[in-house]
Amino acid sequence: MNEGAGVTTGTANIGVVGLAVMGANLARNLASREGNTVAVYNRSPERTRTLLAEHPEAGFVPAYSVEEFAASLARPRTAIIMVQAGAATDAMIDALVEVFEPGDIIVDGGNAYFPDTIRRERAVRETGINFVGAGISGGEEGALKGPSIMPGGSDEAWQTLGPILRSIAAVAEGEPCVTHIGHDGAGHFVKMVHNGIEYADMQLIAEAYDLIRRGTGMSPAEIAEVFAEWNRGELESYLIEITAEVLRQEDAASGGPLVDVILDQAGAKGTGAWTVQTALSLGVPASGIAEATFARSLSSHPEQRAAAAGLPGPAVAPALADPAAFIEDVRQALYASKIVAYSQGFDVIRAGAAEHGWSIDLGAVSRIWRAGCIIRAQFLNRIAEAYAAEPGLPLLLSAPYFAEALGRGQAAWRRVVAHATGAGIPAPAFASSLAYYDGLRAERLPAALVQGQRDFFGAHSYRRVDRPGSFHTLWSGDRSEVEV
Ligand SMILES: NC(=O)C1=CN([C@@H]2O[C@H](COP(=O)(O)OP(=O)(O)OC[C@H]3O[C@@H](n4cnc5c(N)ncnc54)[C@H](OP(=O)(O)O)[C@@H]3O)[C@@H](O)[C@H]2O)C=CC1
Ligand SMILES: O=C(CO)[C@H](O)[C@H](O)COP(=O)(O)O
């Protein structure tokens, strides 16, 4: 039976392909906006049927084949794909290209590795169809109520898409959380870095929890109250808020805290690793994001953890003289490390924009992250202010507000990292953020010695502090210096 038979075709002004958690909620969000009629299609028809049955109010136009989907859309067609990243996205793009026409727009709203988006945009453009890679953040709730949206693609496609995306995006201080990030893969690039920062933020919060729990012996429910309190101050953010919720949750089966029965192996779908790979290839030291990504990897090697379980650690953990003061230290260390994570993330975006010829407005990026997305936070207002005051800011953490906050928090930060080290509690994101801060502010770095070593074994040469040029010491000869 053709389940689409009987529906009016060509009337939907927008379509959604892929009706899992993100696609279904985005389709409902679109349908709830004045003037929209939304066509929906999913590879497995069950999802389409379920969505229709559960949300008759949305007035969806269902399609059970890509041909039917194309026919249900008014021309020029606009469709948003929300399917699994990778091969599934390629398969859906190929299928839509077969049934769409020049001038139509295909939007990939899923997470995609930006080089894939650049490749797809180029290939689809050849057919005369517009392709837009748009990062969408906010999870299930954001997709439904208003996500933060990071579209790339052409100016022409943005003319059509802009009003639709503005109508469904979250709103922060009266501004929709969407902006045309830049051409081809720019949108997915920025979404990738958003997720890298998300990894760092989550890891820092997890380390804060672990330090407090192991240091003070407080229960998860008690620590939830600490996070709830922090959420009323400068750390106010969605991730802090949901952390309190998770820590408060009791497990029905054991009667204890849910967090204690969740297997301690963190999953990852790839965006953190993409950010780190990209940062490495751009030469940007995104060390906090890297540590957060590696911390998930370390957690997910049970065989290695079992092999290391008997290795010695500190015999006696240092006692905390003042647990309340320690908790305040952790709060300050978390804020300082968070500044580092965001500063590094914005560095990756700046370097990526330069490398790929994108003109990315970093202030606009910070503004569209203020609501709707997973890293939404009060803090983003401070970043927006920093870029408004100095759009060409070379280093976010050197902006007056952040420099002052780091200066205020650095003593507590050091105490926390020292305590973690002394107690044998892993705090890789806290420690690496502090090392990054100290590395940046150091008058002189041991990189000079590294250069000497490189010159010794590979005649790689070095530059001198006292005169221009490149030099090499004749290490295996008379050790005199020559200019090269
Ligand atoms: N979940 C989240 O919080 C967020 C997810 N994203 C991104 O949004 C996208 C959608 O995420 P989510 O809703 O979680 O869904 P999933 O990533 O779990 O993907 C499931 C969807 O992909 C479809 N699919 C899988 N393989 C194929 C294929 N070969 N051909 C056609 N369709 C296929 C499924 O169809 P079928 O029903 O037939 O299996 C289903 O509709 C992903 O790219 C994800 O990375 C972005 C932000 C947040
Ligand atoms: O994009 C997202 C949020 O912004 C997705 O939730 C993504 O799946 C999170 O990444 P991971 O699964 O690797 O933790």
Side-chain angles (χ1 to χ4, degrees), residues 15-29 40-51 63-66 69 79-96 98 106-114 116-117 120 133-151 169-170 177 187-203 205-206 237-239 242 265-277 289 292-297 299-300 345 368-369 371-377:
V16 176
V17 176
L19 304 174
V21 62
M22 289 299 285
N25 284 291
L26 200 72
R28 289 176 58 203
N29 183 351
V40 289
Y41 169 72
N42 192 76
R43 177 184 61 172
S44 322
E46 293 74 28
R47 277 198 207 272
T48 313
R49 290 194 196 105
T50 304
L51 181 66
Y64 295 91
S65 67
V66 282
F69 179 70
I80 304 178
I81 302 177
M82 294 301 291
V83 303
Q84 245 168 43
T89 302
D90 276 317
M92 264 339 303
I93 293 168
D94 290 348
L96 288 183
E98 286 296 312
I106 298 173
V107 181
D108 173 17
N111 283 326
Y113 189 35
F114 73 95
D116 288 338
T117 304
R120 288 166 181 154
I136 300 183
S137 179
E140 184 174 2
E141 189 193 339
L144 179 62
K145 296 181 181 163
S148 173
I149 311 176
M150 293 146 258
C177 292
H188 274 142
F189 186 94
V190 167
K191 174 59 171 36
M192 172 191 79
V193 178
H194 164 284
N195 281 26
I197 294 173
E198 175 182 303
Y199 274 49
D201 221 341
M202 292 168 74
Q203 174 66 21
I205 292 170
S237 64
Y238 173 71
L239 285 172
I242 64 163
Q265 295 175 20
K269 287 187 180 154
T271 48
W274 297 341
T275 310
V276 177
Q277 283 160 4
I289 298 171
T293 308
F294 286 133
R296 290 197 191 187
S297 311
S299 77
S300 301
I368 66 164
W369 286 351
C373 64
I374 303 299
I375 63 170
R376 62 185 180 263

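Indexing begins at 1, ligand by ligand and atom by atom, following the structure's order.
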I'd like the atom pairs linking ligand 2 to the protein - N or O on both sides, separation under 3.5 Å - with distances to 0.1 Å.
unit_1: ligand 2; atom_1: 1 (O); unit_2: N111; atom_2: ND2; d: 2.9
unit_1: ligand 2; atom_1: 1 (O); unit_2: K191; atom_2: NZ; d: 2.7
unit_1: ligand 2; atom_1: 1 (O); unit_2: N195; atom_2: ND2; d: 2.9
unit_1: ligand 2; atom_1: 4 (O); unit_2: S137; atom_2: OG; d: 3.4
unit_1: ligand 2; atom_1: 4 (O); unit_2: K191; atom_2: NZ; d: 3.3
unit_1: ligand 2; atom_1: 4 (O); unit_2: N195; atom_2: OD1; d: 3.2
unit_1: ligand 2; atom_1: 4 (O); unit_2: E198; atom_2: OE1; d: 2.8
unit_1: ligand 2; atom_1: 13 (O); unit_2: Y199; atom_2: OH; d: 2.5
unit_1: ligand 2; atom_1: 13 (O); unit_2: K269; atom_2: N; d: 2.7
unit_1: ligand 2; atom_1: 14 (O); unit_2: R296; atom_2: NH1; d: 2.8

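Rounding to the nearest 0.5 angstrom, the gap separating the CD1 atom in I242 from the CD1 atom in I205 is 7.5 Å. Here CZ of R28 is found 4.5 Å from CG of L144. Values are rounded to the nearest 0.5 Å. To the nearest 0.5 angstrom, M150 atom CE is 13.5 Å from F189 atom CZ. Here the straight-line distance linking atom CG of N195 with atom CH2 of W274 works out to 8.5 Å at 0.5 Å rounding. The CZ atom of R120 sits 11.5 Å away from atom CD1 of I106, with the distance rounded to the nearest 0.5 Å.
Contact detail for N42 and G18: the closest heavy-atom pair is OD1-CA, 3.4 Å.
A side-chain donor-acceptor contact under 3.5 Å links T89 to the backbone of Q84.
Within 4.0 Å of ligand 1, protein heavy atoms come from G18, L19, A20, V21, M22, N42, R43, S44, R47, M82, V83, Q84, A85, A88, M92, G110, N111, I136, G139, K191.
Counting non-hydrogen atoms of other residues, nucleotides and ligands closer than 6.0 Å to CD of Q265 gives a total above 12.
Under the 30°/60° scheme for interplanar angles, the aromatic rings of Y41 and F69 are found to be tilted.
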